[in-house]
Trainee: 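I have a structure I would like to understand better, so I am pasting it below and will then ask my questions one at a time.
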Amino acid sequence: MSEALPRYAAAEVKAALLDHGVSGTIYALVMPESEAALNALVDEDRAAFLEQYREAWTQKQDAMHEAYFERWIQWSAPVLDWDAGRFPFRYPTAGASEGIVKLMAEYAAREAAAARRGAVHMFEGEYEGFPAFAHSLGLDVVRHPREAWKAVAAERVPAHAAFWISQPSAIDGMVWPHFEAFAAALHAAQPEARLVPDLTYVGSVARAYAIALHAPNIHEFVISQSKPFGGYYHRAGAAFSEAECPSLFGNHWFKNLASIGWARLMMERHGVHDLPRRYAAVQAEAARRCGKALGVELAPCDVNLLASAPWRDGLSPLLASVGRGSEAEKVVRLCLTPTMARLIDPALAPSVPDLEE
């Protein structure tokens, strides 16, 4: 197993967590709505579905992602505060991961061309893909305690660094309230450092919130429909950028039309708060049952797939393996997807055990 991956990625830990209806890795929740949209996409107008793939030499497919981007801009408007015109270069990607690794690769190449060794900075406990991709590209990885974000922004991020951050946060499944202030403080102290947001969990939060992307050090960001719509294996996502990204240019041609169509249809059918609000009671019940099975009191997170408990001494080795964040903010963070799927419909999760009510 890669050293960049957390302990809960080990097979024996995964199995033990699944015995209690949870996971350390965050998996997408395939909902009845996810499958209904897929059926509609293929079956309601099968001729049109097949036609989109034909006559590639006409280049009619080249613009088929544009409606997806326009829909995402409209769909995310209740929670996103930004100037869409500032990010005119938009690329369909295979979930967020393709955008992350290619943006990191372009950053690494720019740093190498300037005879510098690039470094990816992040908060302790962030999305495990950040360090895994960075290490694969030969980039240094520097982790910081999030509770010290003011000091981090003021003095611990060097010029030319790339600071990757998820919002809502993968650390604890919550909307981080200091995101905008951190972006401003980082730019004031180190204007050449880049802040790169991963907005994967936009669409996974039931309550009202806002994410501002006006900071001048935000030059690009990534999105995904994996978590909000249960589309992990559809691989629908995008990268938005102020400047052209050469490594992503070909994605305008080489893209998955079915996944783009499915994601667009999901956004047409379900608003940015719709599904997390619809399944909030399921999330709460899953947290209660899984917490009882594990012997810990779990509380639902903002992100509707997750639950957390305060960190404390004396936790079992199993729960200790799913600790996230630096010491002052550390929590037990668990993915409820297995039990949520079981509660929604046992046919969605036949391998998951029934937990006591």
Trainee: Do the side chain of K227 and the main chain of V202 share a donor and acceptor less than 3.5 angstrom apart?
Mentor: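 Checking the backbone N and O of V202 against the side chain of K227, no donor-acceptor pair under 3.5 Å is found.
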Trainee: Strictly distance-based, threshold 3.5 Å: is any side-chain N or O of E106 a donor or acceptor partner for the main-chain N or O of S247?
Mentor: yes
Trainee: Report the C-alpha distance between V152 and V157 in whole Å, list the side-chain angles of each, state the deciding distance to 0.1 Å, and finish with yes or no for side-chain contact (heavy atoms from CB on, under 4.5 Å).
Mentor: CA-CA 6 Å; V152 172; V157 181; 3.9 Å; yes
Trainee: Which atom names give the shortest non-hydrogen contact between G24 and L17, and what distance separates them?
Mentor: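 The pair with the smallest heavy-atom distance is N-CD1, 3.5 Å.
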Trainee: Checking L18 against V352 for the side-chain contact (heavy atoms from CB on, under 4.5 Å) test, could you report, in this order, the C-alpha distance in whole Å, the side-chain angles of both residues, the deciding distance, and whether it holds?
Mentor: CA-CA 7 Å; L18 286 171; V352 176; 5.8 Å; no
Trainee: Mark yes or no for whether S169, through its side chain, and G173, through its backbone, hold a donor-acceptor pair below 3.5 Å.
Mentor: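 Not at all, since once roles are kept as given, no pair shorter than 3.5 Å links the two residues.
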Trainee: Within the side chain of S224, is there an N or O that forms a donor-acceptor pair under 3.5 Å with the backbone of G95?
Mentor: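 A pair under 3.5 Å: no.
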Trainee: Who are the side-chain hydrogen bond (donor to acceptor under 3.5 Å, both in side chains) partners of R71, not counting sequence neighbours?
Mentor: none
Trainee: Starting from V175, can I reach M122 by hopping between I/L/V/M/F/W/Y residues whose side chains sit under 4.5 Å apart?
Mentor: no
Trainee: Between E33 and R278, is the closest basic N to carboxylate O distance under 4.0 Å?
Mentor: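 E33 and R278: salt-bridged.
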Trainee: What's the shortest heavy-atom distance between P300 and A284, and which atoms?
Mentor: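 Answer, listing the atom of P300 first, then A284: CG-CA, 3.8 Å.
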Trainee: What distance separates E192 CD from L186 CG, expressed to the nearest 0.5 Å?
Mentor: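 Those atoms lie 11.5 Å apart.
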Trainee: Quick one: pull up OG in S226 and CD1 in I26 and give me the separation to the nearest 0.5 Å.
Mentor: 11.5 Å
Trainee: Can you confirm whether L348 sits close enough to E35 that some side-chain heavy atom of one is under 4.5 Å from a side-chain heavy atom of the other?
Mentor: yes
Trainee: Between the side chains of E128 and R324, is the shortest nitrogen-to-carboxylate-oxygen separation below 4.0 Å, so that they form an ion pair?
Mentor: yes
Trainee: Does a side-chain heavy-atom distance below 4.5 Å link P168 with D302?
Mentor: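 The answer is no; the side chains never approach within 4.5 Å.
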Trainee: Consider only side-chain heavy atoms of I, L, V, M, F, W and Y, link residues closer than 4.5 Å, and tell whether V30 and Y27 are in one cluster.
Mentor: no
Trainee: Is a side-chain donor or acceptor of E126 paired with a backbone partner of S166 at a separation under 3.5 angstrom?
Mentor: yes
Trainee: I'd like to know if the side chain of S321 reaches the main chain of L318, judged simply by a donor and an acceptor atom lying under 3.5 Å from each other, with no hydrogens or angles considered.
Mentor: yes
Trainee: Answer yes or no: does atom NZ of K60 have more than 12 heavy-atom neighbours from other residues, nucleotides or ligands under 6.0 Å?
Mentor: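 More than 12 heavy atoms, drawn from other residues, nucleotides or ligands, come within 6.0 Å of this atom.
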Trainee: Determine, for Y232 and R235, whether the Lys NZ or Arg CZ falls below 6.0 Å from the six-membered ring centre while staying within 45 degrees of the axis.
Mentor: yes
Trainee: What I'd like to find out is whether the side chain of R156 reaches to under 4.5 Å of the side chain of P145, using heavy atoms alone.
Mentor: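 Side-chain contact under 4.5 Å: yes.
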Trainee: For L336 and L305, run side-chain contact (heavy atoms from CB on, under 4.5 Å): C-alpha distance rounded to whole Å, both residues' side-chain angles, the deciding distance at 0.1 Å, then the answer.
Mentor: CA-CA 5 Å; L336 301 171; L305 307 179; 6.0 Å; no
Trainee: Between D81 and H214, do the side chains contain a donor N or O and an acceptor N or O under 3.5 Å apart?
Mentor: yes
Trainee: Please confirm whether the backbone N or O of V205 pairs with a side-chain atom of H273, one donor and one acceptor, at under 3.5 Å?
Mentor: yes
Trainee: Looking at CD of Q190 and NE2 of H121, how far apart are the two atoms once the value is rounded to the nearest 0.5 Å?
Mentor: 9.5 Å
Trainee: A side-chain contact here means heavy atoms from C-beta on lying under 4.5 Å apart; do L139 and Y107 qualify?
Mentor: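 L139 reaches Y107 side chain to side chain.
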Trainee: Check whether the side chains of Y209 and Q167 place a donor and an acceptor atom closer than 3.5 Å, and report yes or no.
Mentor: no
Trainee: Step by step, would you call V120 with D140 a side-chain contact (heavy atoms from CB on, under 4.5 Å)?
Mentor: CA-CA 6 Å; V120 166; D140 292 332; over 6 Å; no
Trainee: Say you draw a straight line from OG1 of T337 to CZ of R342; how long is it, rounded to the nearest 0.5 Å?
Mentor: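 The distance works out to 15.0 Å.
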Trainee: Counting N and O atoms only, with roles assigned by atom type, does the side chain of N251 sit under 3.5 Å from a partner on the main chain of F254, one being a donor and the other an acceptor?
Mentor: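 No, N251 side chain to F254 backbone: no donor-acceptor pair under 3.5 Å.
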Trainee: For the rings on F182 and F179, is their centre-to-centre separation under 6.0 Å?
Mentor: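 No, too far apart.
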Trainee: Considering non-hydrogen atoms only, spot the tightest contact between A96 and T200 and give its length.
Mentor: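 Of all heavy-atom pairs spanning A96 and T200, the closest is CB-OG1, 3.5 Å.
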Trainee: Compute the centroid of each ring, for W164 and then for F133, and state whether the two points are separated by less than 6.0 Å.
Mentor: no
Trainee: Only one of F87, F240, W75 clears ring-ring contact (aromatic ring centres under 6.0 Å, His included) with F69; which?
Mentor: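 Result for ring-ring contact (aromatic ring centres under 6.0 Å, His included) with F69: F240.
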Trainee: Does any non-hydrogen side-chain atom of I73 lie less than 4.5 Å from one of W82?
Mentor: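 Yes; the side chains approach each other to less than 4.5 Å.
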Trainee: Would you call R146-D172 a salt bridge at under 4.0 Å N-O?
Mentor: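 Between D172 and R146 there is a salt bridge, with a charged N closer than 4.0 Å to a carboxylate O.
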Trainee: Do E111 and R117 sit within salt-bridge range, that is, some charged N less than 4.0 Å from a carboxylate O?
Mentor: no
Trainee: Just by modelled atom types, is the L213 backbone N or O under 3.5 Å from a matching donor or acceptor in the R86 side chain?
Mentor: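 Pair found, side chain donor or acceptor close to backbone of L213.
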Trainee: Contact between L294 and K292 at the side-chain level, heavy atoms closer than 4.5 Å - yes or no?
Mentor: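 With C-beta onward as the side chain, the pair stays apart.
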Trainee: Quick check: are there more than 12 heavy atoms from other residues, nucleotides or ligands sitting under 6.0 Å from CD of Q52?
Mentor: yes
Trainee: If you apply the rule side chain to side chain donor-acceptor pair (under 3.5 Å), what do you find for T25 with S23, and how did you get there?
Mentor: CA-CA 5 Å; T25 304; S23 170; 4.6 Å; no
Trainee: Tell me whether I165 shares a hydrophobic cluster with I100, the cluster being built from Ile, Leu, Val, Met, Phe, Trp, Tyr side chains joined at under 4.5 Å.
Mentor: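 No, no single cluster joins them.
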Trainee: Following the transitive rule for hydrophobic clusters with a side-chain heavy-atom cut-off under 4.5 Å over Ile, Leu, Val, Met, Phe, Trp and Tyr, establish whether L275 and L199 coincide in one cluster.
Mentor: yes
Trainee: Which heavy atom of A239 sits nearest to which heavy atom of L248, and what is that distance?
Mentor: CB-CD1, 3.8 Å
Trainee: Are any of the side-chain nitrogens in K330 or E147 under 4.0 Å away from the carboxylate oxygens of its partner?
Mentor: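 Not counted as a salt bridge, because no side-chain N and carboxylate O are separated by less than 4.0 Å.
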Trainee: Ignoring hydrogens, what is the shortest heavy-atom contact between A236 and S259? Give both atom names and the distance.
Mentor: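 Taking A236 first and S259 second, the nearest heavy atoms are CB-O, 3.9 Å.
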Trainee: Between F123 and F163, is the ring-ring contact (aromatic ring centres under 6.0 Å, His included) condition met? List the steps.
Mentor: CA-CA 9 Å; F123 289 126; F163 200 108; 5.0 Å; yes
Trainee: Please tell me if the side chains of C245 and Y91 come closer than 4.5 Å, counting only heavy atoms from C-beta onward.
Mentor: yes
Trainee: Backbone N or O of V303 within a donor-acceptor pair of the Q283 side chain at under 3.5 Å?
Mentor: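 Here the side-chain-to-backbone pair exists.
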Trainee: Indicate, with yes or no, if V142 and I171 share a hydrophobic cluster defined by side-chain heavy-atom contacts under 4.5 Å among Ile, Leu, Val, Met, Phe, Trp and Tyr.
Mentor: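 No.
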Trainee: So, are R277 and D274 salt-bridged, with charged N and O less than 4.0 Å apart?
Mentor: no
Trainee: Using 0.5 Å steps for rounding, measure from the CZ atom of R289 to the CE atom of M340.
Mentor: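 One finds 12.5 Å between CZ of R289 and CE of M340.
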Trainee: State, yes or no, whether a side-chain contact exists between F229 and L29 at a heavy-atom distance under 4.5 Å.
Mentor: no
Trainee: Kindly give the heavy-atom pair with the smallest separation between L195 and A183, and that separation in Å.
Mentor: CD2-CB, 3.5 Å
Trainee: If you measure from CD1 on I223 to CH2 on W72, what distance do you get to the nearest 0.5 Å?
Mentor: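 The distance works out to 5.0 Å.
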Trainee: Using 4.0 Å as the upper bound for N to carboxylate O, is an ion pair formed by E220 and R194?
Mentor: yes
Trainee: Salt bridge or not for K102 and E98, using N-O below 4.0 Å?
Mentor: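 Here K102 pairs with E98 in a salt bridge, since their nearest N and O are under 4.0 Å apart.
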